[in-house]
Amino acid sequence: MSRRHHLHLPLRLLSRNNPSPLRHAFSTLDTPEPPPPEAEAVAEVTAEAAAAAAATPNPPRREEPLHETILYMIRRRPWTTRLENSIRLLSPTLAAPLVHGVISGAAAAGRADLALQFFRFAYRRAGFSPEPSTFALLIPILASHRMLNHARCLLLDTMPSFSIAPEEATVAALIAAYGKANIPQESVKLFRLMPDLGIARTALSYNAVLKAILCRGREAMARRIYNAMIADAVTPDLSTYNTLIWGFGLCKKMEAALRVFGDMKGHGVTPDVTTYNTLLNAWVRAGDLESARKVFDEMPGAGFAQNSVSYNVMIKGYVEAGKVEEAVGLFSEMGEKGLRLSEKTFAALMPGLCDDEGRVVEGRKAMDDMAERRLTPKDKSVFLRLVTTLCRAGDLDGALDVHRKSGQFKHVLVDPRQYGVLIESLCAGGKCDGAVEVMDELLEKGTLLSPKSPVLEGPAYNPVIEYLCSNGNTSKAETFFRQLMKKGVDDKAAFNSLIRGHAKEGVPEAAQEILAIMTRRGVRTDSESHALLVDSFLKKNEPADAKMALDSMMEQGHVPSPSLFMSVMVALFNGGRVQTASRVMKSMIEKGVTENMDMAHKILEALFMRGHVEEAIGRVNLMVENGCLPDLDKLLVALCKNDKVMEAHKLADYALDRDFDVNFSTYDRVLEVLYTEEKTLPAYSMLCKIKNKGGVVDQKGCDALMESLKAGGYSKQADILSRILAENASSTSKRGKRVAMGA
């Protein structure tokens, strides 16, 4: 048989009732057997204990306390029946010290919920009998972690079930917790319930309820409770008076605060430095710095030296009142006295130094002092304010220095508005490359995407976006602006800058995508941006896309310039897209642009040449309606030269029907072509219309046409034409006679 390795287990795990751990303790066996459920629990317990020991760096050679092992287990495993069985195997009976140790450890780890769960397991399923000290430990823990309903149930339901009377300190802790949670009515209910619970009220519970109601500014109720305290022969202590002075100062009831301060001596209670600081803070809150300074100066005479709190309160008051000089003097005095400069000291002073352009140098020194002392200001806006003041004063290098140092403070997330102020100021100062570096830092840190970060204003980002788009770096500008769009920014100027930038860089597809986003979001576009996009497509020899961009421009309510229309029509025409060029021409005329008629004439001629007669005549009609009649004589002659007989006939017919000013010689040219092509009936129809309008045509041509009509079996049409010619001849001779007689 192979050598067996010894495993050291606690003796309680090796009892007769638990033989399975012995089998499981050996690492190798000839015939392995499936371990029973208890063995699995033992294995888990052993593993948890080993892990708890391994988790401690350089663990001392001592036995791991049992409550630490249990705490390790419940923190890292879900609460199940299996976990409860593991705890029972570790300790079949749970004694009070063990339970208290687990509860305290869970509270120290910030897991009051685990403390409550373990307590419930202990007394419900593990046979633990709670003691008064158990509730005195657990209820304040739950109260401090805002688990107020659970704490109240333990106090009013669980403790009576075990016939345990609550202690005053326990109830006072819950009263104070309700006050911190801004539920003073519950504090008052508990306070009034104390006699029913058999608890005698002392200054401890009175102080707790007074603070709870004064937090909400209920100074009248506080007076009544204080009077009841005196009536109940409960002697107020120093904490009572400090609480009342603090509360009345919070409500700016200085007469009441001074009355309480005077009552202290009448009741034999000596004020301490906290009392003076509380009164000092009350005067500062009320805005009476003169009275506050008087109390501040009286402190040494009363036997109390001003401490850091006293100076912090006065500095804050002077800064809020705009008396920065006095605040700086007190700050220097603190250094001379060797008092500790805390984060609150700088938080009180820095706003005064940051907002005054004349004191930015002192503000920078104070910030360096904070960094040296490794103090992080509670109010992170001081960095933004200092950077803003430096930029306003024109000290851009100083602003950059403060900005870099602000990122070195612990737990400080630089405000995006600080980046915005720097970017705007650097661009305005001609240091656009520095602004781009600041923008790169902002993008790298991802501060903009934080849900809690404020949205930048337009002046903060538009200058750098415009600079990037004007200098061939539109893609970076778009990356920056897309992060802003995720925060709901729809800035027209930025959108148009991106479109112009992409168009100038020869990437019209990206510009078109930005344009589509603007359209979806309902942002009005800029005419110049559309024009640049159209030009960009034309430069890439993509006239069809240029036409789409032109249509989009008109859909947004912009009227393209005549030159832009001309460029698109020429590109389409040269590319063989005559009908598309015709549609652009139609849009141009409908928009009232009557230039570029030479190009329009070419498009009309091409339409006729390609057989798009109806479309061409429609365009001619549109031009006539808009007061720009094309040169029909030129068109008809061109069609005749190119043997486009029927096209010329239809155009001539259209001109005759509408009585357009066309030379009869041009009509003769059309008739001649019709004769040549033996288009007898169209020629007959056209000739009749010409004669009805009094036109003069070639007689030989008419005779030839009549012969053709007769030869083709159209005798009736030939007779009609003959009569028309005869009537015209007689009317002509009569007009000649009248002219001769008149002469």
Side-chain angles (χ1 to χ4, degrees), residues 67 70-71 74-75 78-79 84 87 94-216 218 221-222 225 239-240 243 247:
H67 71 273
I70 295 176
L71 179 61
I74 64 176
R75 285 185 62 189
W79 197 281
E84 293 179 358
I87 296 173
L94 297 178
L98 176 60
V99 174
H100 294 175
V102 175
I103 292 174
S104 300
R111 296 296 306 273
D113 57 326
L114 286 180
L116 177 62
Q117 197 163 15
F118 181 76
F119 169 75
R120 287 173 174 169
F121 158 72
Y123 82 82
R124 288 177 180 174
R125 291 186 291 277
F128 171 67
S129 297
E131 300 177 354
S133 58
T134 307
F135 292 101
L137 173 66
L138 181 59
I139 290 176
I141 287 173
L142 297 177
S144 63
H145 285 78
R146 298 293 184 93
M147 299 176 67
L148 302 178
N149 288 336
H150 295 291
R152 187 185 184 94
C153 288
L154 287 179
L155 179 70
L156 302 181
D157 298 335
T158 309
M159 292 185 72
S161 67
F162 286 98
S163 302
I164 298 176
E167 298 177 358
E168 185 190 14
T170 305
V171 181
L174 188 53
I175 290 173
Y178 274 119
K180 288 181 180 179
N182 294 326
I183 316 176
Q185 61 272 21
E186 294 297 328
S187 299
V188 175
K189 287 180 183 178
L190 272 179
F191 177 76
R192 291 174 177 171
L193 193 62
M194 289 178 70
D196 297 336
L197 297 175
I199 304 171
R201 295 183 295 202
T202 67
L204 178 64
S205 52
Y206 274 100
N207 294 344
V209 74
L210 284 172
K211 188 169 184 179
I213 59 178
L214 284 170
C215 279
R216 302 297 294 169
R218 301 184 180 182
M221 182 181 288
I225 291 179
S239 179
T240 306
T243 301

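These values consider heavy atoms only, across backbone and side chains, with no hydrogens, waters or symmetry-generated copies.
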S.K.: For Arg192, is the CZ atom crowded, meaning more than 12 foreign heavy atoms sit under 6.0 Å from it?
M.R.: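 Count not over threshold, so no.
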S.K.: List the steps and the verdict of side chain to side chain contact (heavy atoms under 4.5 Å, CB included) for Val99 and Glu131.
M.R.: CA-CA 11 Å; Val99 174; Glu131 300 177 354; over 6 Å; no
S.K.: Quick check: Tyr123 with Phe162 (ring centres under 6.0 Å apart)?
M.R.: yes
S.K.: Any side-chain heavy-atom pair from Phe121 and Phe128 closer than 4.5 angstrom?
M.R.: no
S.K.: Take Tyr178 and Arg152 through the test side chain to side chain contact (heavy atoms under 4.5 Å, CB included) and record every step on the way to the result.
M.R.: CA-CA 10 Å; Tyr178 274 119; Arg152 187 185 184 94; 3.6 Å; yes
S.K.: How long is the straight-line distance from CG of Leu116 back to NE2 of His150, given to the nearest 0.5 Å?
M.R.: 6.0 Å
S.K.: Counting only heavy atoms not in Asn149 (residues, nucleotides, ligands), do more than 12 fall under 6.0 Å from its CG?
M.R.: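 Atom CG in Asn149 is not crowded, with 12 or fewer foreign heavy atoms closer than 6.0 Å.
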S.K.: Using every non-hydrogen atom in the two residues, find where Ser205 and Ala172 come nearest and quote the distance to one decimal.
M.R.: CA-CB, 4.3 Å
S.K.: Taking all non-hydrogen atoms of both residues into account, name the closest pair between Ala212 and Pro184 and its distance.
M.R.: O-CB, 3.7 Å
S.K.: Return the CG to CD distance between Leu190 and Glu186, rounded to the nearest 0.5 Å.
M.R.: 7.0 Å
S.K.: Quick one: does Leu71's side chain get under 4.5 Å of Arg111's, heavy atoms only?
M.R.: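 They are not in contact (no side-chain heavy atoms under 4.5 Å apart), so the answer is no.
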S.K.: How many angstroms lie between CG in Leu138 and CG in Leu155, if you round to the nearest 0.5 Å?
M.R.: 11.5 Å
S.K.: Donor-acceptor check, side chain of Ser104 to backbone of His100, threshold 3.5 angstrom: yes or no?
M.R.: yes
S.K.: So how far is it from Leu174 CG to Ser144 OG, rounded to the nearest 0.5 Å?
M.R.: 11.0 Å
S.K.: Using a 4.5 Å cut-off on heavy atoms from C-beta on, say whether the side chain of Cys215 contacts that of Lys180.
M.R.: no
S.K.: With a 4.0 Å cut-off on N to O distance, would you call Glu168 and Arg201 a salt bridge?
M.R.: no
S.K.: Flag the pair His67 / Ile103 as yes when at least one side-chain heavy-atom distance between them is below 4.5 Å, and no otherwise.
M.R.: no
S.K.: Does any non-hydrogen side-chain atom of Ile74 lie less than 4.5 Å from one of Ile87?
M.R.: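 Side chain of Ile87 against side chain of Ile74, heavy atoms only: contact under 4.5 Å found.
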S.K.: Can you see which heavy atom on Ala112 is nearest to which on Met147, and at what distance?
M.R.: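 Smallest interatomic distance, heavy atoms only, reads CB-SD, 3.7 Å.
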S.K.: Give, for atom OG1 of Thr134 and atom CD1 of Ile164, the distance between the pair rounded to the nearest 0.5 Å.
M.R.: 7.0 Å
S.K.: What do the steps show when you test Leu94 against Phe118 for side chain to side chain contact (heavy atoms under 4.5 Å, CB included), and what is the final call?
M.R.: CA-CA 11 Å; Leu94 297 178; Phe118 181 76; 4.3 Å; yes
S.K.: So, for Thr170 and Ala136, which heavy atoms are closest and what is the spacing to 0.1 Å?
M.R.: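 Heavy-atom minimum between the residues: OG1-CA, 3.6 Å.
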S.K.: Between Ser187 and Ile213, is any pair of side-chain heavy atoms under 4.5 Å apart?
M.R.: no
S.K.: So, do Phe135 and Phe119 have ring centers that fall under 6.0 Å from each other?
M.R.: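 Centroid distance Phe135-Phe119: below 6.0 Å, so yes.
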S.K.: Identify the two heavy atoms, one from Met194 and one from Ile175, that lie closest to each other, and give their separation to 0.1 Å.
M.R.: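 Minimum heavy-atom contact is SD-CD1, 4.2 Å.
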S.K.: Hey, are Thr240 and Asn207 close enough side-chain-wise for a donor-acceptor pair under 3.5 Å?
M.R.: yes
S.K.: Distance from Leu156 atom CG to Ser161 atom OG, nearest 0.5 Å?
M.R.: 11.5 Å
